[in-house]
Amino acid sequence: MHEASRRAKLRKIQELGIDPWGSRFDDHARIADIRAREGEITVEPLAEGQREPHQNGPKVRAAGRIVLQRKKGKLIFLDIRDWTGQIQLFVGRGQVGEENWALAECLDLGDLVGVDGELKRTKTGELTIFVEKLHFLTKSIETPPEKHHGLTDPELRQRMRYIDLAYTEGVLPKFLDRTKIVASVRRTLAASGYVEVEGPTLHAIAGGAAARPFKTHHNALDMPLFMRIALELHLKRLLVGGMERVYELGRVYRNEGISPRHNPEFTMLEAYQAYGDYGTMMDLTERIILDALDAIGAGRQITWGERTIDFTSPFARKTYDELFAEHTGVSPDDAAAVKKLADGIGLETAGKHPDVIKSEVFEERVEDALVGPIFVIDYPASICPLTKRKQGSEHIAERFELFIQGMELANAYTELNDPDLQEELFRTQLQGQKEEDSMAKMDHDFIRALRHGMPPAGGLGIGIDRLVMLLTGSQNIREVILFPLLRHEEPRRG
RNA sequence: GAGGCUGUAGCUCAGUCGGUAGAGCAACGGACUUUUAAUCCGUAGGUCCUGGGUUCGAGUCCCAGCAGCCUCACCA
C-alpha cells in the first residue's frame with residue numbers, strides 16, 4: 001500500500017522531533033500577495049567571472065499544500081498551493097542545512113508545509129521561494145489524484161469534494177466566486193436599505209410555491225412539519241409588521257427530481273420592498289446581477305458552453321403575450337387556437353383552464369428558446385395566485401420572470417395585499433388540484449396578517465445557485481453546490 | 001419514476017473473437033544542485049462495482065442489484 005510508505009515517513013518525521021500534525025503557524029502571507037511582491041526583487045549588475053547575476057528578494061513566509069514535487073538529487077523543487085494561488089519552492093541541501101534536508105526528504109505530495117525563504121527567480125525566470133527554513137504542518141497519509149488530470153469522475157468529485165477542491169484546477173476559485181457573489185448580493189441589498197432576517201425553515205404549512213415538500217415530525221409537540229419550499233409568506237408577514245425593506249437569503253427544500261439544474265436543497269433569495277411594485281424589483285434584479293459580476297471581476301460577457309451570455313444593461317423586456325405570439329405564431333387570446341396548439345404538442349388539455357394550457361404551451365415552446373437575459377412581464381392572472389392584478393385588466397398579473405439560457409433565474413410580483421381576494425384565490429386555486437401541486441395553500445394566519453394591512457409592495461425571488469451558475473459559466477448546478485445530494489455510498493466490504 | 005450510457009491499480013484510462021491483467025501519473029530503490037506534467041534505470045501494486053448464470057474457461061456473454069452521468073417526467 002502507498003499508505004505504508006507515507007506512514008513510514010510520518011514516523012521518520014517524529015524521529016526528527018517534529019509533530020507530523022503541526023501546530024499554529026503565524027504571520028504567513030497569502031501566496032497571491034507573495035507573488036505580487038515580484039517587483040521588489042533587485043538584480044545586481046553582472047560581476048566579472050559571474051555566470052548568474054546576484055538577486056536580492058524580500059523575505060517571505062508561506063504555507064500550503066504540496067501539489068507538485070521534482071526531486072533532483074540534492075535539490076527539490078516543490079509547488080505549494082494555498083487558496084489564493086500556487087508558487088514554486090526551491091529546497092537545496094547545501095542551502096537549507098542537514099536538519100531541514102532530512103525533513104525535506106520525508107515530504108510527499110499532499111503534505112502541508114510552511115516555509116521561510118527569499119523570493120527570487122530561478123534561471124528560467126520562475127518566481128520561487130528559495131527556502132531557508134522548512135516547517136512541517138500536516139502529513140497526508142492518502143495519495144492525491146493524478147497530478148495532471150486531477151479528479152474527473154463526477155461521482156468522486158462530489159463525494160470527496162475536499163479532494164476536488166484541493167487538487168482539481170479551478171474548483172476552489174469557483175466556490176470562492178460563489179461566496180463573493182453571495183456577499184455582493186447582501187451588499188447590494190444593504191445599500192438599497194434592506195434588512196436581512198431569518199424565517200423559520202420548519203413550516204406547518206409549506207406555502208409560497210408549487211412544490212412537494214419534505215415531511216418531518218416534531219416529537220414533543222407530536223406535530224407534522226414540512227421543510228420550507230419558499231420564503232414568501234413569512235417575509236410578507238414582516239411587511240405587515242413594518243419591516244419596509246426585508247429579505248432572506250437561505251436554503252429551501254423541495255422533494256423533487258434531481259437534474260443538472262435542480263438539487264433538493266438550494267439557496268433562494270427573496271426580497272420585499274414596501275411601496276414598490278414589480279418594476280422596482282426589475283431594477284433591483286438588474287443591479288444585483290451587475291454588482292455580482294463586478295464582485296467576481298467578470299465583464300458583461302460570460303461564456304456559456306458554445307454560447308455567450310451578454311449581461312449588458314438594460315436587459316430586454318417583453319410581455320408574456322408578445323413572446324407567446326412571437327414563438328408560437330398563435331394569438332394568446334385565441335383560446336381555441338392555443339388549445340389546438342397544445343393538443344398538437346401532445347399536452348394534456350382536458351378540463352384545464354385556458355390560462356393553464358397557455359402556460360404549459362409557454363413553458364414548452366417559449367421558455368427554452370429564451371436566451372436572454374430577458375424579463376418576461378405580465379403573466380396570465382389565473383396562474384399567479386399571490387400577485388396583484390394590473391390596474392384595469394383583471395386577467396393580467398403584475399409579475400415578471402427573468403430568463404437566461406432558458407433558465408428561470410428570477411421571479412417577481414407586485415404583491416397581492418387584498419386579503420379577501422387572497423383568500424378567494426387560495427380557495428379557488430385549491431379546487432381540482434392536488435394541494436401539493438398548487439402554489440396556493442390555504443394559510444389562515446397569512447390571510448389574517450393581510451387583514452391587518454400589508455403595504456403595496458414589490459417582491460422578488462432569485463435562485464442563487466442558478467445565479468452562480470450563470471455568472472461562473474457552470475452548466476451543472478452540482479458545479480456550484482459544495483455537497484450536492486447523492487445516494488448513500490455503499491460501505492466497502494472486507 | 002422511465003430509457004440510454006458508464007463502473008478495470010490510489011488517480012486518469014487501454015483491454016481485439018471468451019483463453020487467465022496493461023500503460024501513464026502516484027509509490028518504492030538508484031542517478032542527478034536551477035527543475036516546470038523534470039528526466040533516466042529498476043521494483044512493487046488488482047474483490048476487473050456486487051451477486052448469480054452460461055462455458056472446459058468470463059474483465060469480456062446473459063440475468064438481477066448497487067452507484068454515477070445524460071435525456072425525459074416533476075420543478076426553480
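The sequence lines fix the lettering, A, B, ..., with proteins before strands; numbering per chain opens at 1.
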Query raised in the report: Hey, what's the ring geometry for A:Y247 with A:Y194, parallel, tilted or perpendicular (30° and 60° as the breaks)?
Result: perpendicular

Report task. Look at all strands and tell whether A:Q95 reaches a base, only sugar-phosphate, or nothing, counting heavy atoms closer than 4.0 Å. Result -> base

Requested in this report: Scan A:G257 against the nucleic acid and name what it touches under 4.0 Å (heavy atoms): base, sugar-phosphate only, or nothing.
Outcome: base

Query raised in the report: Would you say the base of B:U35 and the side-chain of A:E126 have a donor-acceptor pair closer than 3.5 Å?
Result: no

Report summary line: Side-chain contact check for A:F90: nearest option of B:U33, B:U12, B:A27 is B:U33

Report summary line: Separation of B:C74 atom C1' from A:I477 atom CD1, nearest Å, is 15 Å

Query raised in the report: Can you tell me if CD on A:E99 sees more than 12 non-hydrogen neighbours from other groups inside 6.0 Å?
Result: no

Query raised in the report: Tell me: CG of A:L109 to P of B:U35, nearest whole Å?
Result: 20 Å

Query raised in the report: CG of A:L485 versus C1' of B:C69: gap in Å, rounded?
Result: 15 Å

Report task. Find out whether the Lys NZ or Arg CZ of A:K120 is both under 6.0 angstrom from the six-membered ring centre of A:F130 and within 45° of the ring's axis. Result -> yes

Query raised in the report: When we call it a touch if two heavy atoms are under 4.0 Å apart, what does A:K147 touch: a base, just sugar-phosphate, or nothing?
Result: sugar-phosphate

Requested in this report: Identify whether any heavy atom of A:R478 sits under 4.0 Å from a base atom; if not, whether one sits that close to sugar-phosphate; answer base, sugar-phosphate or nothing.
Outcome: sugar-phosphate

Report task. Determine the contact category for A:G463: base if any of its heavy atoms lies under 4.0 Å from a base atom, sugar-phosphate if only primed atoms, P, OP1 or OP2 are that close, otherwise nothing. Result -> nothing

Report task. Check every strand shown and say whether A:L156 touches a base, only sugar-phosphate, or nothing at a heavy-atom separation below 4.0 Å. Result -> sugar-phosphate

Requested in this report: Check every strand shown and say whether A:T122 touches a base, only sugar-phosphate, or nothing at a heavy-atom separation below 4.0 Å.
Outcome: base

**Report entry** Side chain of A:R487 - closest among B:G68, B:G24, B:C28
**Finding:** B:G68

Query raised in the report: Rounded to the nearest Å, what distance is computed from the CZ atom of residue A:R6 to the C1' atom of nucleotide B:G45?
Result: 15 Å

Query raised in the report: Can you check whether A:N476 has a side-chain N or O nearer than 4.0 Å to OP1 or OP2 of B:C70?
Result: yes

Requested in this report: Assign A:L409 to base, sugar-phosphate, or nothing according to its heavy-atom contacts below 4.0 angstrom with the strands shown.
Outcome: nothing

Requested in this report: Could you work out the separation of B:G59 and B:G18 based on their P atoms and round it to a whole Å?
Outcome: 13 Å

**Report entry** Test ring-ring contact (aromatic ring centres under 6.0 Å, His included) applied to A:F400 and A:Y320, A:F315, A:F375, the passing residue
**Finding:** A:F375

